[in-house]
Every structure is written in structure tokens, then in C-alpha cells.
Amino acid sequence: MSETLASRLDRPVDERRDHVLGPPSAQITLVEYGSYACPHCRAANERIAEVRDELGDRLRYVFRHRPLTGSAIARRAAELIERARTPEQFWKAHVALMTRSPELTEDDLVTVAREYDLGEPDPGARSRVDADEKSSRASGVAFTPTFFINGTRYDGPWDESSFAGAM
């Protein structure tokens, strides 16, 4: 894979397939490949919310799954949240999984599934997570979180001022 390909998002954002907050007409699109079991993703979640508040409708935020390699709970969390039936249900459960406890636990999965009525296991959930993982590999993602700003990988710090400055 060439360096050019590895630093670019492999596929454009698709409003029907991706989890998106913000208008399609936003000047800036921030795509995150993340994992609910990743402590860095959990920390970045608050920074992303701050940047979203600061930039408003100028920013479209997209979350794609890249469960931590070798972590069964990370994979189960990604498949669990993919059982959400509406975008609102997805985003509420997303925030809950990222913020409910300092480290993702089995209790978090059970509680979030119950609180947000995420239903029964679904083969479609597994295929959606698989598609995001495949996309992460094609985009050169080696760790979480990895961010892309307008299709180009962002390798800088992910604190609020650095994100805002890069965008």
C-alpha cells in the first residue's frame, strides 16, 4: 500500500451507512475510527464534543468502529451499539458507552443494552462492524483513535485547540 493511500480515508462518508452528527453541507468532516474499550478514545470523546460545540454546523462528525485487537469486550460493544434502530438511539448509547465508567465493563454493556433498548443480537450488526474494520485497514489505521479531517489522516494531538486549529 502506498503512503498516499495509507493517509487517506478509503471511502467517503455515506449518510445511509455511517454514524453521522452534523449537516452534510458542513465545511469540515471529522471521521474517527475508535473503540469503546480504548481509554484514549474515551478521553477524546469529551474533546470531540467540545470541538463540535465550538464549530457547530461547520462540522460533521462520523464515528466508525475499530474495536481493539484481541479485546472481546470491544468487539461486543461495537456489535451491541450497531443494534440501535435510530441515529438518536445510536448516539445516546455511544455517549453512554464512552462515559459510563472509567473503563468499559460487562456491566456497561448490559446496562446500556437495557437502557437504550438495543434488542437482540443481529447478524447485520456484525457485518457493519466488519465493514468499518475493513475500511480502517484500507485507510492505514494502526491504532485508536485515528482521525481523518476532510478525508486526510490527522496525526496531531487531539486536544480541543489542536483539533480546532487543524480544522
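Within the 4.5 Å cutoff, the side chain of P145 has heavy atoms near those of the C38 side chain. At least one side-chain heavy atom of N45 sits under 4.5 Å from a side-chain heavy atom of T99. When side chains are defined from C-beta on, I28 does not count as touching R60, because their heavy atoms never get closer than 4.5 Å. Taking 4.5 Å as the limit, some side-chain heavy atom of I81 sits within range of a side-chain heavy atom of F90. You'll find the side chain of Q89 reaches within 4.5 Å of the side chain of D117, heavy atoms only. When side chains are defined from C-beta on, T146 counts as touching F148, because their heavy atoms get closer than 4.5 Å. At a threshold of 4.5 Å between non-hydrogen side-chain atoms, the residues R52 and L21 count as touching. Within the 4.5 Å cutoff, the side chain of C41 has heavy atoms near those of the M98 side chain.
Residue D132 forms a salt bridge (charged side-chain N to carboxylate O under 4.0 Å, His left out) with just one option from R137, R126, R75, R11, and that option is R11. Tested against R128 for a side chain to side chain donor-acceptor pair (under 3.5 Å), the candidates E79, E82, E133, H19 yield a single pass: E82.
Scanning all heavy atoms of the two residues, the minimum distance from A142 to R66 falls at O-NH2, 3.7 Å. Between L68 and A37, the closest heavy-atom pair is CD1-O, 3.4 Å. Contact detail for T144 and Y33: the closest heavy-atom pair is CG2-O, 3.8 Å. Considering all non-hydrogen atoms of both residues, P23 and D57 come closest at CG-O, 3.4 Å.
Rounding to the nearest 0.5 Å gives a distance of 10.0 Å between CG of D122 and CZ of R85. Rounded to the nearest 0.5 Å, atoms CG (L97) and CZ (R42) are 7.5 Å apart. Going from atom CG of L118 over to atom CG of L80 covers 5.0 Å, rounded to the nearest 0.5 Å.
Applying the ring-ring contact (aromatic ring centres under 6.0 Å, His included) criterion to F63, with sequence neighbours excluded, gives Y36, H65, H94.
Within the 3.5 Å criterion, the main-chain N or O of G119 finds a donor-acceptor partner in the side chain of R83. The closest donor-acceptor contact from the side chain of R64 to the backbone of E32 lies at 3.5 Å or more, if one exists at all. Using a distance-only test at 3.5 Å, with no hydrogens or angles considered, a donor-acceptor pair links the side chain of S127 to the main chain of G124. Side-chain atoms of S101 come within 3.5 Å of backbone atoms of E103 as a donor-acceptor pair (strictly under, hydrogens ignored). Proximity of a side-chain donor or acceptor of D108 to a complementary backbone N or O of T105 within less than 3.5 Å is detected. Side-chain atoms of S135 never come within 3.5 Å of backbone atoms of A131 as a donor-acceptor pair (strictly under, hydrogens ignored).
One hydrophobic cluster, built from ILVMFWY side chains closer than 4.5 Å, cannot hold both V129 and V62; they sit in different ones. Linking ILVMFWY side-chain heavy atoms closer than 4.5 Å, directly or via other members, places I48 and L104 in a single hydrophobic cluster.
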Y116 vs W91, test: ring pair (Phe, Tyr, Trp, His ring centres under 6.0 Å). Steps then yes/no.
CA-CA 10 Å; Y116 297 97; W91 287 109; over 10 Å; no

Test salt bridge (charged side-chain N to carboxylate O under 4.0 Å, His left out) on D10 and K134; report intermediate values, then the result.
CA-CA 9 Å; D10 80 308; K134 180 179 178 184; over 6 Å; no

Give the intermediate values and the outcome of side chain to side chain donor-acceptor pair (under 3.5 Å) for residues R8 and S139.
CA-CA 6 Å; R8 301 282 308 160; S139 299; over 6 Å; no

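A salt bridge between D155 and R153 is present, with a side-chain N of the basic residue lying under 4.0 Å from a carboxylate O of the acidic one.
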